[in-house]
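In what follows, a single structure is set out as structure tokens and then discussed.
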Amino acid sequence: MTAQQNINITVNGHYEPAVITLKKAIPAQLTFTRTSTQGCLEHVHSKSLDFAMDLPLDQPQTVTIPTDQTGEFQFRCGMDMVHGKVVIEG
Ligand SMILES: [Cu+2]
């Protein structure tokens, strides 16, 4: 039984990994670390996961996301050009 789901995402012109699969009802955190000035990825946001934050270079930023619903939830860069998604499975 996993008590917590902690996912590290590297932001390096894109999101890696770009697809993150999580289990429903287990608390989850995403930690974004931007390691490149490439692109317009200094901001990340998600309407469906209800977060928005800046990503200072080489400073990991962590957000807690809801896991109460199954489905696919997109997150995007500041200009909505680069996408990633969280898939929550039951
Ligand atoms: Cu962008």
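One is the number of the first residue; the rest follow in order along the sequence. Just so you know, these numbers use all the heavy atoms, side chains as well, and skip hydrogens, waters and symmetry mates. Note that ligands are numbered from 1 as they come in the structure, with each ligand's atoms numbered from 1 the same way.
- Distance alone, capped at 3.5 Å, places no donor-acceptor pair between the His45 side chain and the Phe75 backbone.
- Not one N or O on the side chain of Gln29 forms a donor-acceptor pair closer than 3.5 Å with the backbone of Pro27.
- Formation of a donor-acceptor pair under 3.5 Å by the Gln74 side chain with backbone atoms of His83 is not found in this model.
- Checking side-chain atoms of His14 against main-chain N and O of Asn12 turns up a donor-acceptor pair under 3.5 Å.
- Excluding waters, the set of protein N, O or S atoms lying under 2.8 Å from the Cu ion (ligand 1) comprises Cys40 SG, Cys77 SG.
- The main-chain N or O of Thr21 is never found under 3.5 Å from a side-chain atom of Glu89 such that the two would form a donor-acceptor pair.
- The only option from Val86, Leu49, Ile88 that meets the side chain to side chain contact (heavy atoms under 4.5 Å, CB included) definition with Thr67 turns out to be Ile88.
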